[in-house]
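Letters A, B, ... mirror the listed sequences (proteins, then strands); counts begin at 1.
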Protein chains: 2
Amino acid sequence: MPADVSLATVAAQAGVSVSTVSRIVNGETRRASPATVQRVRDAIEAVGYRPNPAGRALRRGETQLVAVLAANLDNPAMATIASSTEAALREAGYVMILCDTHDRPELQDEYLAAMRVQRVGGLVMIAAVASPGLAEMAGAGVPMVFVTRRNPVGPGLFVGIDDRAAGAAVADRFVAAGCRRPAVVFPRRGSSASRDRVAGFVDRLAALGVASEAVLRGEGDGLSHLQVGYDGSAALFERADRPDAVLCVSDQIAYGLARRAREAGIGIPDPCCVVSIDGTPLNQWVAPWLASVRIPYPVYGAEIVAGLEAIRRGEAPAERLLPFAFG
Amino acid sequence: MPADVSLATVAAQAGVSVSTVSRIVNGETRRASPATVQRVRDAIEAVGYRPNPAGRALRRGETQLVAVLAANLDNPAMATIASSTEAALREAGYVMILCDTHDRPELQDEYLAAMRVQRVGGLVMIAAVASPGLAEMAGAGVPMVFVTRRNPVGPGLFVGIDDRAAGAAVADRFVAAGCRRPAVVFPRRGSSASRDRVAGFVDRLAALGVASEAVLRGEGDGLSHLQVGYDGSAALFERADRPDAVLCVSDQIAYGLARRAREAGIGIPDPCCVVSIDGTPLNQWVAPWLASVRIPYPVYGAEIVAGLEAIRRGEAPAERLLPFAFG
DNA sequence: GACGTTTAGGCAAACGTTTGCCAAAACTGT
DNA sequence: ACAGTTTTGGCAAACGTTTGCCTAAACGTC
């Protein structure tokens, strides 16, 4: 119904100038008498005024748009993060632009350039990959937060878990359960997150008396963690001394491993128990045999938006590590 | 680097007026001599000009933004559609805004209003729910396409599959396989898509000699199809005359049913085979026992964008039904 | 050479918002 | 009553783009 209602419409209705309306809309109420403020508020209500983002963006040089660049939206964990981020952004009055970079640096750069031109008010990088444009972007003054993977080309606010600690927690559990032959499956060209989980796992095992060489490692290639798990676990199950406990650094890797185990006729969790790091709710339905370190993805969104606003307020970008737990 | 390069920058560089640059940028080359066109193109290249979306939006009254409103992004099928839509939109020069309505009419309306104010160039409704704002929006002249669920409050371009035919295809298969006691599990408060799949299934069975009353029906409540499948199949498996073939109208419902079957100690596919409609790639990994009618979600994006542009060109909104197949 | 037509390109207004600056009017204290 | 201050609010410019209209110059025709 309110086809084209602008500040001018409200101003005419209330019998004041556009300046006054603008100021009141933006909360600058000290510049008008209480009576005028009320009159303008009523007029806004009456004509159904909503600020035009284009006019605002043009004048302010910044929009209420926040871009989320995710490496792979087919990965349910990232989709969940995107989803919770969307809710938190809306809550805070932003609008989410979502881009899928497919883990490709050129595409990420293309998006970064496009988002810069769009004058987005913030940038959320879910599993960013190193690229020339990324470094350049950091200098452009747009608030940026890195999720799951740290900024590969510099500093920056990070939202995620303590990946080393998560890996270590799994090591603790394996040792407590009396496992003799632990293994870990992870992507060969992995992110900082994957590497840290593996390192935390191996280091803790070493501290508990399991030599690093004794820990079997299965590496897989490709963007799909399902495939990584399938390929990476192949060699593991062909050995004579098969592992009796495997850490998969993501749920999807565990799914891939499960398929391999099925084909190899190996039972889970007996004789080989599997633990993954992610713990998305789907596990309970399709993989009841899978134990997990649960990452609280649903609260990532709020944390990300809080981080964005902290940067905007000029606070130093601190790390935001979230709690994880077995679940 | 190009902090604030506008038409004026290019104009100065090329020694022409902004009007001329603007026209050339927009392909109106007949209004300038070939020499000038080249000079301007060089200048654009030299200063790295990119049109400012805010200025453009203000003037044109429309942005290059397209909003995708999805009912539930936690549903992998919708996430996949969103993902493929994103790629197709980018290809066509649009930028995707993604909103999760959580299947709630008020939230959908809130988003619709916000997107109208944003002056989006198009609206993609994935599983739209009936709401007051939806009807209103159709009259606003914004190109709209409905995906998976038809517009519940009026006409509109639809992208999806022939749901009745998909249901019927499953009926054919069950009868061909000699199943005696078919069943179907679906959401109680379902969409047009769910209802059509069920209707196609039941009608075809009737045509093939299985009376409608003989078809067991399991209905479940809630937003999560996982829960729908779990709840909806409970009664089915408690009966003395258990079904020997079940159609689940979505993959997630099948996952839910599988959990129930597991708990009830009933094997799949023997003695009870299960077919779902969706056929997302994850099935092969986590549910190898599940046969599916595969819906080509990855091509939805291109079809959606094509539909949007057809509307923009003023073509009559025709239905866009995509092929499905057992996979 | 006079006249009409095409070509090439500039001027300026408009889109809606924000904000620095200015000007009345209303107060204050003496 | 008067000077000084605060309150209240308007004017106008600016952000970058598009487009209707205008004007020269170049071209063509007789």
Side-chain angles (χ1 to χ4, degrees), chain A residues 2-41 43-44 47-65 93 114 116-121 141, chain B residues 2-41 43-44 47-65 93 114 116-121 141:
Chain A
D4 45 354
V5 23
S6 68
L7 282 182
T9 321
V10 179
Q13 171 88 3
V16 297
S17 75
V18 284
S19 325
T20 302
V21 182
S22 171
R23 283 193 264 255
I24 291 172
V25 166
N26 292 36
E28 191 117 344
T29 50
R30 299 182 302 176
R31 295 287 306 269
S33 72
T36 307
V37 171
Q38 194 49 54
R39 201 145 37 88
V40 169
R41 292 229 166 101
I44 288 174
V47 303
Y49 170 76
R50 302 265 257 133
N52 178 324
R56 200 168 250 195
L58 186 56
R59 176 64 222 229
R60 292 194 182 160
E62 185 180 295
T63 63
Q64 48 188 332
L65 268 29
R116 171 120 71 125
V117 165
Q118 287 281 347
R119 299 284 200 295
V120 295
Chain B
D4 45 352
V5 24
S6 71
L7 282 182
T9 321
V10 179
Q13 171 88 5
V16 297
S17 74
V18 284
S19 325
T20 302
V21 181
S22 171
R23 284 194 264 256
I24 290 172
V25 166
N26 292 24
E28 186 119 357
T29 50
R30 296 181 303 176
R31 296 286 306 268
S33 73
T36 306
V37 171
Q38 194 50 51
R39 203 146 35 88
V40 169
R41 293 227 166 103
I44 288 175
V47 303
Y49 171 75
R50 303 264 257 135
N52 178 325
R56 197 168 254 192
L58 185 55
R59 177 61 222 232
R60 301 222 262 230
E62 184 181 295
T63 64
Q64 48 188 330
L65 268 30
R116 170 120 72 126
V117 163
Q118 286 281 347
R119 299 280 198 302
V120 294

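Nearest-nucleotide positions on DNA chain D for A/Arg39 and B/Leu7 put A/Arg39 closer to the 5' end. Nearer to the 5' terminus of DNA chain C, by closest-nucleotide assignment, is the contact made by B/Arg23 (compared with the other of A/Ala54 and B/Arg23). Nearer the 5' end of DNA chain C, as judged by each residue's closest nucleotide, is the contact made by B/Gly15, out of B/Gly15 and B/Leu58.
Here OG1 of B/Thr29 is found 6.5 Å from CZ of B/Arg41. Values are rounded to the nearest 0.5 Å.
When all heavy atoms of B/Ala43 and B/Gln13 are compared, the closest pair comes out as CB-CG, 3.5 Å. Closest non-hydrogen pair, A/Thr9 versus A/Val5, comes out as OG1-CA, 3.4 Å.
Going from atom CD of A/Gln118 over to atom P of D/dG16 covers 15 Å, rounded to whole Å. A/Arg60 has its CZ atom 22 Å from the P atom of D/dA13, to the nearest Å. Atom-to-atom, CD1 of A/Ile44 to P of C/dG16 comes out at 16 Å; the value is rounded to the nearest Å. Distance, B/Asp4 CG to D/dC15 C1': 11 Å, rounded to whole Å. Rounded to a whole Å, the CD1 atom of B/Ile24 is 14 Å from the C1' atom of D/dT18. Rounded to whole angstrom, the span from the CD atom of B/Glu62 across to the P atom of D/dT17 amounts to 17 Å. B/Glu28 places its CD atom 12 Å from the C1' atom of D/dG20, with the value rounded to the nearest Å. What separates CZ of A/Arg30 from P of C/dT19 is a distance of 14 Å, to the nearest Å.
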Review point. Please walk me through it: do A/Val25 and A/Arg56 pass side chain to side chain contact (heavy atoms under 4.5 Å, CB included)?
Key: CA-CA 12 Å; A/Val25 166; A/Arg56 200 168 250 195; 3.8 Å; yes
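Without hydrogens or angle criteria, A/Asn52 side chain to A/Ala54 main chain gives a donor-acceptor distance under 3.5 Å. Without hydrogens or angle criteria, A/Arg119 side chain to A/Thr63 main chain gives no donor-acceptor distance under 3.5 Å.
Using a 4.0 Å heavy-atom cutoff across all strands shown, B/Ser6 reaches sugar-phosphate atoms only and no base atom. Among the protein residues, A/Ala32 comes within range of the sugar-phosphate backbone only, with heavy atoms under 4.0 Å from sugar or phosphate atoms but none that close to a base. Counting non-hydrogen atoms under 4.0 angstrom, A/Arg56 reaches the backbone sugars and phosphates but no base. At a threshold of 4.0 angstrom between heavy atoms, the contacts of B/Ser33 are confined to the sugar-phosphate backbone, with no base atom among them. Heavy atoms of B/Val25 sit nowhere under 4.0 angstrom from any nucleic acid atom.
Closest approach to the A/Asn52 side chain among C/dT18, C/dT17, D/dT18 is made by C/dT17 (side chain taken as heavy atoms from C-beta onward). Considering only side-chain atoms of A/Ser19, the nucleotide from C/dG9, D/dG10, C/dC15 that sits closest is D/dG10. With distances taken from any side-chain atom of B/Arg59 to the nucleotides D/dG10, D/dT17, C/dG10, the minimum falls on D/dT17.
Side-chain N/O atoms of B/Ser22 include none lying less than 4.0 angstrom from OP1 or OP2 on D/dT17.
With hydrogens and angles left out, the side chain of B/Ser17 and the base of C/dC11 share no donor-acceptor pair within 3.5 Å. One N or O donor and one acceptor, one from the side chain of B/Arg31 and one from the base of C/dG10, sit under 3.5 Å apart.
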